[in-house]
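Everything on this sheet refers to the single structure shown next.
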Amino acid sequence: MAHQKRQARRTPLLLIHGWPGSIFEFYFIIDRLVNPAAHGHTDADAFDLVIPALPGFGFGGKPRERGWGISRIAAAFHTLMTQELGYQRYGVQGGDWGGIISAKMASAYPGHVIGAHLNFLFVQPPPDPTDEDRQRIAERDAFQANETGYSLTQGTKPDSLTLAQSDSPAGLAAWVIEKFHTWGDVGDDIEKTFSKDVLLTNLMFYWAPNSIASAARIYYEARRDPAGFVYPKVEVPTGVAVFPREPWRVPRRWAEQRFNIVRWTEMPRGGHFAALEQPGLLAGDIITFFRGLRAR
């Protein structure tokens with residue numbers, strides 16, 4: 001966990017990563033958020049960052065009991081912010097599982113979460129789909145059919161795969177880096193977006209602590225935690241950064257069914273791993289979104 005020294009003027013912000021990422025995803029936006037004056041903003045825009053590893057990921061330890069789905073993780077992170085660190089009002093931000101957990105926290109703890117900034121949304125289409133909605137639904141269904149075998153495997157029989165990955169660095173790298181290639185805005189050369197150092201550093205958060213198996217279990221546990229996805233509408237202010245190569249993009253009309261959208265930014269470039277791919281764009285949008293919420 002990375003935790004910058006608290007200052008009274010700083011807004012506490014919980015940054016939550018996803019799979020197959022790690023806390024390293026946020027490496028290139030940390031200074032932009034804690035020292036914004038050095039990046040074209042002002043000292044008043046500074047954040048107090050908390051960046052925890054998801055249970056089972058990286059060096060954050062491996063749960064020894066079942067039940068660590070979205071609801072339990074959200075509750076644990078809320079306890080971390082309010083009881084362990086003493087922040088009674090804080091913001092949340094995330095993509096992938098981090099976006100899902102951030103949304104759950106915003107719904108469950110509206111008296112504490114001042115706002116949620118998301119670059120990933122998990123929402124269903126409206127009950128009265130338009131022709132454009134039907135096209136989006138068809139695209140979504142095609143993606144689900146052709147690109148989500150990893151999720152089904154990790155959500156049903158994860159150890160059939162992860163035991164082998166724990167034994168083979170090449171197998172682990174193939175499984176993880178394929179997602180960076182498919183989900184990132186990489187064009188025809190992945191290394192123009194993700195250097196070898198970036199890819200290998202992220203991989204080491206799985207290989208060194210032997211956490212690929214425990215990390216994959218978030219899919220297994222989430223399938224057994226329906227409350228992690230179905231909950232009251234998020235009424236706290238929500239900002240959404242939409243990156244063009246994000247595979248799970250949804251229209252604003254869909255999102256407004258489930259969230260109180262006050263900022264919606266269509267980014268010019270970037271994909272699923274936004275904090276690594278476009279740290280300047282993401283950090284700038286986070287700063288702008290929370291700037292209007294600091295005094296609340």
Side-chain angles (χ1 to χ4, degrees), residues 14-21 52 54-57 63 65-81 91-110 112-113 115-129 133 136-137 139-145 147-158 179 183 214-242 246-261 264 272 274:
L14 179 68
L15 299 179
I16 311 176
H17 69 88
W19 184 95
L54 291 171
F57 283 70
E65 58 187 13
R66 295 184 178 181
W68 279 95
I70 302 309
S71 299
R72 187 168 179 180
I73 295 172
F77 283 178
H78 177 64
T79 298
L80 169 68
M81 295 299 285
V92 293
Q93 199 287 327
D96 195 83
W97 286 112
I100 293 171
I101 295 165
S102 292
K104 173 67 176 180
M105 293 180 71
S107 175
Y109 309 107
H112 296 272
V113 175
H117 186 279
L118 312 172
N119 54 283
F120 178 95
L121 294 174
F122 186 85
V123 296
Q124 297 299 322
D128 55 339
D133 290 332
R136 290 288 191 109
I137 293 168
E139 293 171 356
R140 179 200 64 179
D141 291 348
F143 178 84
Q144 288 291 118
E147 294 290 346
T148 58
Y150 76 97
S151 179
L152 185 61
T153 299
Q154 294 181 165
T156 55
K157 305 291 183 182
K179 299 308 174 197
W183 298 347
S214 54
R217 283 190 170 271
I218 194 171
Y219 288 84
Y220 184 89
E221 298 293 355
R223 287 170 67 95
R224 289 148 184 84
D225 175 26
F229 299 96
V230 181
Y231 45 77
K233 180 179 178 179
V234 174
E235 299 290 356
V236 304
T238 303
V240 181
V242 183
E246 168 58 62
W248 286 272
R249 292 187 315 279
V250 298
R252 180 168 183 166
R253 189 169 90 95
W254 295 19
E256 287 176 337
Q257 302 175 106
R258 302 286 297 131
F259 296 89
N260 173 22
I261 305 293
W264 184 275
H272 187 72

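Please read these numbers as outputs of a predicted model, since none were measured by experiment. Scope of the values below: all heavy atoms of this structure, side chains included, with no hydrogens, waters or symmetry mates.
Gln93 places no side-chain N or O within 3.5 Å of a backbone atom of Leu15 that could act as its donor or acceptor partner. Although no hydrogens or angles enter the test, the distance criterion places no donor-acceptor pair under 3.5 Å between the side chain of Asn119 and the main chain of Ala241. Side-chain atoms of Ser107 do not come within 3.5 Å of backbone N or O of Ala103 as any donor-acceptor pair.
At a threshold of 4.5 Å between non-hydrogen side-chain atoms, the residues Ile100 and Phe120 count as touching. Residues Ile261 and Val240 have side chains in contact (heavy-atom distance under 4.5 Å, counting atoms from C-beta outward).
For Trp264, there are no ring pair (Phe, Tyr, Trp, His ring centres under 6.0 Å) partners, not counting sequence neighbours.
In this structure, the separation between CH2 on Trp183 and CD on Glu246 is 9.0 Å, given to the nearest 0.5 Å. Note that CD1 of Ile70 and CD1 of Ile101 are 4.5 Å apart. Values are rounded to the nearest 0.5 Å.
Applying the side chain to side chain donor-acceptor pair (under 3.5 Å) test to pairs two or more places apart or on separate chains, none has a residue in residues 226-238.
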His272 and Asp96: CA distance, side-chain angles, deciding distance, side chain to side chain donor-acceptor pair (under 3.5 Å) verdict: CA-CA 8 Å; His272 187 72; Asp96 195 83; 2.7 Å; yes

Test side chain to side chain donor-acceptor pair (under 3.5 Å) applied to Asp133 and Trp254, step by step: CA-CA 9 Å; Asp133 290 332; Trp254 295 19; 2.8 Å; yes

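For the pair Arg223 and Tyr219, the NZ or CZ position fails the cation-pi test of under 6.0 Å to the six-membered ring centre and within 45 degrees of the ring normal. Both the sub-6.0 Å distance and the 45° axial angle are not jointly satisfied by Arg140 relative to the ring of Phe143.
Around atom CZ of Arg66, no more than 12 heavy atoms belonging to other residues, nucleotides or ligands sit under 6.0 Å away.
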Could you tabulate the donor-acceptor pairs under 3.5 Å formed by side-chain atoms of residues 73-80, not counting sequence neighbours?
unit_1: His78; atom_1: ND1; unit_2: Tyr90; atom_2: OH; d: 2.7
unit_1: Thr79; atom_1: OG1; unit_2: Ala75; atom_2: O; d: 3.0

